[in-house]
Amino acid sequence: MNEAEFQRNLTRFKAVLKREKRYLIKNDGEKVTETVSQKEKFIPIFENYDGPVSDKTKAMIDEIQELQSVNLMLTNQAIAFQKTLMDAIQANLKQPSGTYSKYNQMSKESSVSLVDQQA
């Protein structure tokens, strides 16, 4: 493979990364999964290239690395959001669900919300 073909593959890979970024921002998990499988197809191409690397190719690689780091940050942000949401739901589920206490009185009504408003 010559450098021009390698650059075409880099351009295609960059387009996949841009699509992945859009899907991450839109929180479209199904499309993100599709783009990950598309990205995997480029791995052997990049691993097996041993030709010359011009300044233009280096600039493209730097751009790809920046896009990849942004996508990784967006992925970590989405995971953190999901974890926070699940923690909030679990905290609400831990509260007792019975109506009466052991002293034959109605228990206090507990608030169920995702945001703690007691401040």
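The analysis underlying the following values was restricted to heavy atoms, covering all of them including side chains, and did not include hydrogens, waters or symmetry mates.
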Handout entry: Glu30 side chain near Thr33 side chain, heavy-atom distance below 4.5 Å
Key = no

Handout entry: Set of salt bridge (Lys or Arg N to Asp or Glu O under 4.0 Å) partners for Lys31, sequence neighbours left out
Key =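 Lys31: no salt bridge (Lys or Arg N to Asp or Glu O under 4.0 Å) contacts found.
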
Problem - Heavy-atom pair with the smallest gap, counting every atom of Gln7 and Ser54 - result: NE2-OG, 3.6 Å

Practice task
Measure up the Tyr49 and Phe6 rings against each other and bin them: parallel (under 30°), tilted (30 to 60°), perpendicular (over 60°).
Solution key: parallel

Fill in the blank from the handout: Looking only at heavy atoms, the pair that brings Val16 and Phe42 closest together is CG2-CE1, 4.2 Å

Problem - side chain to side chain contact (heavy atoms under 4.5 Å, CB included) between Glu20 and Leu17, worked out - result: CA-CA 5 Å; Glu20 181 184 38; Leu17 288 174; 3.6 Å; yes

Practice task
Would you mind reporting whether Leu24 and Lys21 have side-chain heavy atoms less than 4.5 Å apart?
Solution key: no

Exercise for the section: Examine Ile25 and Met73 and state if one hydrophobic cluster contains both, with Ile, Leu, Val, Met, Phe, Trp and Tyr joined whenever side-chain heavy atoms are less than 4.5 Å apart. Expected result: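 The answer is no; the residues belong to distinct hydrophobic clusters.
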
Problem - Test ring pair (Phe, Tyr, Trp, His ring centres under 6.0 Å) applied to Phe81 - qualifying residues, sequence neighbours left out - result: none

Problem - Those residues that, when tested against Lys83, pass salt bridge (Lys or Arg N to Asp or Glu O under 4.0 Å) (two or more places apart) - result: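 For Lys83 the salt bridge (Lys or Arg N to Asp or Glu O under 4.0 Å) partners, ignoring immediate neighbours, are Asp87.
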
Practice task
Report the residues that fulfil salt bridge (Lys or Arg N to Asp or Glu O under 4.0 Å) with Asp55, sequence neighbours left out, ordered by chain and then residue number.
Solution key: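 Testing Asp55 for salt bridge (Lys or Arg N to Asp or Glu O under 4.0 Å), a comparison that skips the adjacent residues, returns none.
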
Handout entry: Pairs meeting criterion salt bridge (charged side-chain N to carboxylate O under 4.0 Å, His left out) with involvement of residues 59-71, two or more places apart
Key = Lys14-Glu63

Exercise for the section: Output the distance between atom CD (Gln38) and atom CD (Glu40), rounded to the nearest 0.5 Å. Expected result: 10.5 Å

Handout entry: Side chain proximity check, Arg12 to Lys41, heavy atoms < 4.5 angstrom
Key =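 In short, these two side chains do not touch, never coming nearer than 4.5 Å.
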
Handout entry: Spacing of Asn71 atom CG and Arg19 atom CZ [to the nearest 0.5 Å]
Key =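 One finds 11.5 Å between CG of Asn71 and CZ of Arg19.
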
Practice task
Please check if Ile64 and Met1 belong to a single hydrophobic cluster, counting links between Ile, Leu, Val, Met, Phe, Trp and Tyr side chain heavy atoms closer than 4.5 Å.
Solution key: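 Same cluster: Ile64 reaches Met1 through Ile, Leu, Val, Met, Phe, Trp or Tyr contacts under 4.5 Å.
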
Practice task
Apply side-chain hydrogen bond (donor to acceptor under 3.5 Å, both in side chains) to Arg22 and list each qualifying residue two or more places apart in sequence or on a separate chain.
Solution key: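 So Arg22 forms no side-chain hydrogen bond (donor to acceptor under 3.5 Å, both in side chains) with any residue.
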
Exercise for the section: Could you tell me which non-hydrogen atom of Val32 sits nearest to which non-hydrogen atom of Tyr23, and how far apart they are? Expected result: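 Distance-wise, the nearest heavy atoms are CG2-CB, 3.6 Å.
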
